[in-house]
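Atom set for the values below is all heavy atoms of this structure, side chains included, hydrogens, waters and symmetry mates excluded. Since the model is a prediction, treat every value here as computed from it, not as a measurement.
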Amino acid sequence: MRLTDTSDLWWKTAIFYNLDVKTFLDWNDDGIGDFQGVAHRLDHLAELGVTCLWLAPFYTSPRRDNGYDISDYYGVDSRYGHFGDFIELVRTAKDRGMRVIVDLVVNHTSDQHPWFQAARNDRTSRFREFYQWRDDEPAEQPQNLFPDVEDGVWFWDDVAGQYYRHTFYRHQPDLATDTQVVRDEIAKVIGFWLQLGIDGFRVDAVPYLIDTEDGAEHEYLRAIRRFVSRRNGTGVLLGEVNLPYDEQLKFFGDADGDELTMQFDFVANQRLYLALARGDAAPLTEALLARPALARGNQWGNFVRNHDELTLDQLSESERAEVFEAFAPEEGQRIHGRGIVRRLPPMLDGDPRHIRMVYSLLFSLPGSPVLYYGEEIGMGEEPSITRSRAAVRTAMQWSPDANGGFSNAAAEALVPVVVSGGNSPEHVNVSQQRHDPTSLLSFIKRLTTAYRGAPEIGWGTFAVLDQPHTSVLAHSIESELGLFVAAHNFAPDGRSFTLAIDGAGDDWLVVDMLSDDPAPRPLADAQLSVDLGGYGYQWWRVVRPGEKRLL
Ligand code: NOJ
Ligand code: CA
């Protein structure tokens, strides 16, 4: 088998990029991003090396949860354009060689959804069974996912004369996903978007969507996967499952791998921040060693930040306190008692070496990287927006001009734009970084190019390499394409050491993958000697003589 023969498993080596149409580019200057705006910036994403766009919810919605409160699964928010604009966007992305996935949010609907309106208004409506009801409030309730906003998960509805269940905000009633009628509707929604040429879904809130206790939930997830595969043989299901590894493994379908195709690695993400806070790679190294082996068709989605708070709920209380102290010393930078509403660069005090080390790591870890828009230029959060995820959902910064080149609308009409501090558009923007070979944007392009040229990162077998420094993570990924090696230093001062490359012959060569001089040099005595500066990083490929690799 050659790795290049496996393009049907495209997500094994994809570079995902998540954006919200609302905040990317406002083409008609009404203050809100739109489909045409995104379409006009697809070349930026193609140049960046993105291979799959993940569009945040753009469906018809009252937008009380940034679009994760859907009132029509078959409609697009008219503020973004009409359906034709959406289709043009998808077609243009494909023309640039990018796939497109969309959010599947079927744990709940908006309370404005006609299903819920019909259900609450009439006990005998056929839509009543679409939701979950009860006459009394149970004494013991599961915790609401937004515990600082909602008391529990049962809310009294005067109109309905009953309590309904809501895992998230009270305006997001949970669908009764254990009923066949709701499952049939969900299948129609999935089928609809696949028919429009979508390449799969980011599946929202999977553990809550499928929350029966008897294992039946996994049967349902397998059924969804089979349905997606019948409609689009290479469709991906990238699930949001923020749980310990052993539970994540079940949502992959264990060794069969026949449930979710991909999952975000929330464990490694949280341990990454603990490692950064301590200047010690060990917390991350331990997580990576504890990662369960996946079936061939499954993959991890690695990420640094996303549109939500940086959740630290899988750390212990004292570990979480350490990360809070290091990266969110002010109360306003925290939310829900568990997370941080900041982006990476300000958390690292804008230190370019430190920031680059983190992104180098992201692209070097086994799995597929998922970028959040603006990360490629080092966007920060808006510090005046406190205790809210809105702080990390500001307008994309295209130029040093007014509103960062996002829109010419007047300030009152605009989505939030970063205005304060050193991360405002005059300091951080695409146009200044595009032509600067020393910029973060140029660096990220170098990483995407290197990642795309090294499919073994997505396919190979991971190992941690022995070396004496706990501040360093040195790892290898082995495949039939040769050996990939990387080292990352979490400490501010330099570290030197030697890595033993087991089994390497005298005539083997080593190539420095991120340097300007990729000329292969001999690997002496199967030893790689490494000099990392403070927050240093390096990637190598160890090659046998005569190997057909593009260096
Ligand atoms: C997960 C999404 O990522 C988050 O933004 C949203 O608030 C919840 N699901 C509820 O829909
Ligand atoms: Ca607009």
> Is there a side-chain contact between Val90 and Leu196 (heavy atoms, below 4.5 Å)?
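They are not in contact (no side-chain heavy atoms under 4.5 Å apart), so the answer is no.
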
> Evaluate side-chain hydrogen bond (donor to acceptor under 3.5 Å, both in side chains) for Asn489 paired with Ser471, printing each intermediate quantity in order.
CA-CA 6 Å; Asn489 180 10; Ser471 72; 3.2 Å; yes

> Ion pair present between Arg338 and Asp148, side-chain N to carboxylate O less than 4.0 angstrom?
no

> Is it the case that atom CG in Asp151 sees more than 12 heavy atoms from other parts of the structure closer than 6.0 Å?
no

> When you measure from the side chain of Asp174 to the backbone of Thr167, do you find a donor-acceptor pair of N or O atoms at a distance under 3.5 Å?
yes

> Do we see a donor-acceptor contact under 3.5 Å between the side chains of Glu381 and Asn423?
no

> I need the Asn302 CG to Leu288 CG distance, nearest 0.5 Å.
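Nearest 0.5 Å value for the CG-CG distance: 8.0 Å.
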
> Do the rings of Phe168 and Tyr208 sit parallel, tilted or perpendicular, given the 30° and 60° boundaries?
perpendicular

> Given side chains that start at C-beta, do those of Glu322 and Leu315 come closer than 4.5 Å, heavy atoms only?
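No; the side chains remain at least 4.5 Å from each other.
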
> Salt bridge check, Asp20 against Arg63: does any charged N sit closer than 4.0 Å to a carboxylate O?
yes

> Under the 3.5 angstrom rule, does the side chain of Arg389 hit a backbone N or O of His307 as a donor-acceptor pair?
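No: the side chain of Arg389 does not pair with the backbone of His307.
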
> Would you confirm whether Gln172, through its side chain, and Tyr68, through its main-chain N or O, come within 3.5 Å as a donor-acceptor pair?
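Yes; at least one donor-acceptor contact below 3.5 Å.
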
> Could you walk me through whether Val149 and Asn144 pass the side chain to side chain contact (heavy atoms under 4.5 Å, CB included) test, one step at a time?
CA-CA 9 Å; Val149 186; Asn144 190 281; over 6 Å; no

> Run the side chain to side chain contact (heavy atoms under 4.5 Å, CB included) test on Asn403 and Asp26 for me, step by step, so that the C-alpha distance in whole Å, both residues' side-chain angles and the decisive distance to 0.1 Å come before the verdict.
CA-CA 11 Å; Asn403 306 329; Asp26 173 20; over 6 Å; no

> Between Arg79 and Asp30, is the closest basic N to carboxylate O distance under 4.0 Å?
no

> State, yes or no, whether a side-chain contact exists between Gln248 and Phe264 at a heavy-atom distance under 4.5 Å.
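Not touching, per the 4.5 Å side-chain cut-off.
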
> Can Asp351 and Arg356 be counted as an ion pair, charged N to O under 4.0 angstrom?
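Judged by the 4.0 Å cut-off on N to carboxylate O distance, Asp351 and Arg356 do not form a salt bridge.
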
> Does either side chain, that of Glu309 or that of Thr311, offer a donor lying less than 3.5 Å from an acceptor on the other one?
no

> Test side chain to side chain contact (heavy atoms under 4.5 Å, CB included) on Phe146 and Tyr169 and set out the steps.
CA-CA 7 Å; Phe146 300 131; Tyr169 294 113; 3.3 Å; yes

> Does Arg305 reach the side chain of Arg342, with side-chain heavy atoms less than 4.5 Å apart?
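Sidechains of Arg342 and Arg305: no contact.
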
> Hey, is the main chain of Gln538 close enough, under 3.5 Å, to the side chain of Asp512 for a donor-acceptor pair?
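Checking the backbone N and O of Gln538 against the side chain of Asp512, no donor-acceptor pair under 3.5 Å is found.
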
> Quick one: which of Trp193, Tyr80, Tyr74 gives a ring pair (Phe, Tyr, Trp, His ring centres under 6.0 Å) with Tyr59?
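In the set Trp193, Tyr80, Tyr74, the residue that makes a ring pair (Phe, Tyr, Trp, His ring centres under 6.0 Å) with Tyr59 is Trp193.
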
> Check whether the side chains of Gln433 and Ser442 place a donor and an acceptor atom closer than 3.5 Å, and report yes or no.
no

> Taking atom types as modelled, find out whether Ser496 and Asp531 have a side-chain donor-acceptor pair closer than 3.5 angstrom.
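Yes, Asp531 and Ser496 have a side-chain donor paired with an acceptor closer than 3.5 Å.
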
> Please answer whether the main-chain N or O of Asp349 pairs with a side-chain N or O of His354 as donor and acceptor at a distance below 3.5 Å.
no

> Between the side chains of Tyr359 and Glu375, does any donor sit under 3.5 Å from an acceptor?
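There is such a pair (donor and acceptor under 3.5 Å, judged by atom type) between the side chains of Tyr359 and Glu375.
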
> Is the backbone N or O of Ile15 less than 3.5 Å from a side-chain atom of Thr51, with the two atoms forming a donor-acceptor pair by type?
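Side chain of Thr51 to backbone of Ile15, a donor-acceptor pair under 3.5 Å: yes, one is there.
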
> Any salt bridge (Lys or Arg N to Asp or Glu O under 4.0 Å) involving residues 430-440? Give me the pairs, sequence neighbours left out, ordered by first then second residue.
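Listed by first then second residue: Glu47-Arg434.
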
> Checking the side chain of His40 only, and the main-chain atoms of Gln36 only, is there a donor and an acceptor separated by less than 3.5 Å?
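A pair under 3.5 Å: yes.
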
> Quick one: pull up CE in Met379 and CE in Met396 and give me the separation to the nearest 0.5 Å.
6.5 Å

> Say you draw a straight line from CZ of Phe86 to CZ of Arg91; how long is it, rounded to the nearest 0.5 Å?
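So the gap between those two atoms works out to 14.0 Å.
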
> Hey, is the main chain of Gly374 close enough, under 3.5 Å, to the side chain of Glu376 for a donor-acceptor pair?
yes

> First locate atom NE2 of His108, then atom CG of Leu209, and finally report the distance between them rounded to the nearest 0.5 Å.
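It comes to 10.0 Å.
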
> Parallel, tilted or perpendicular, judged at 30° and 60°: which one describes the rings of Tyr73 and His113?
tilted

> After noting the C-alpha distance and the side-chain angles of Ser368 and Trp11, does the key distance pass the side-chain hydrogen bond (donor to acceptor under 3.5 Å, both in side chains) rule?
CA-CA 7 Å; Ser368 298; Trp11 57 85; over 6 Å; no

> CZ/Arg353 to OH/Tyr537 distance, rounded to the nearest 0.5 angstrom?
10.0 Å

> Is there a donor-acceptor pair closer than 3.5 Å between any side-chain N or O of Thr470 and the backbone N or O of Ala282?
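Answer holds: no.
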
> With rounding to the nearest 0.5 Å, note down the distance linking CD1 in Ile444 to CZ in Phe363.
6.0 Å

> If only atom types and distance count, is the side chain of Tyr164 paired as donor or acceptor with the main-chain N or O of Arg170 below 3.5 Å?
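Checking the backbone N and O of Arg170 against the side chain of Tyr164, a donor-acceptor pair under 3.5 Å is found.
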
> Classify the side-chain pair Asp517/Ser515 by whether it contains a donor and acceptor separated by less than 3.5 Å.
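The criterion, which ignores hydrogens and geometry beyond distance, is not satisfied for Ser515 and Asp517.
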
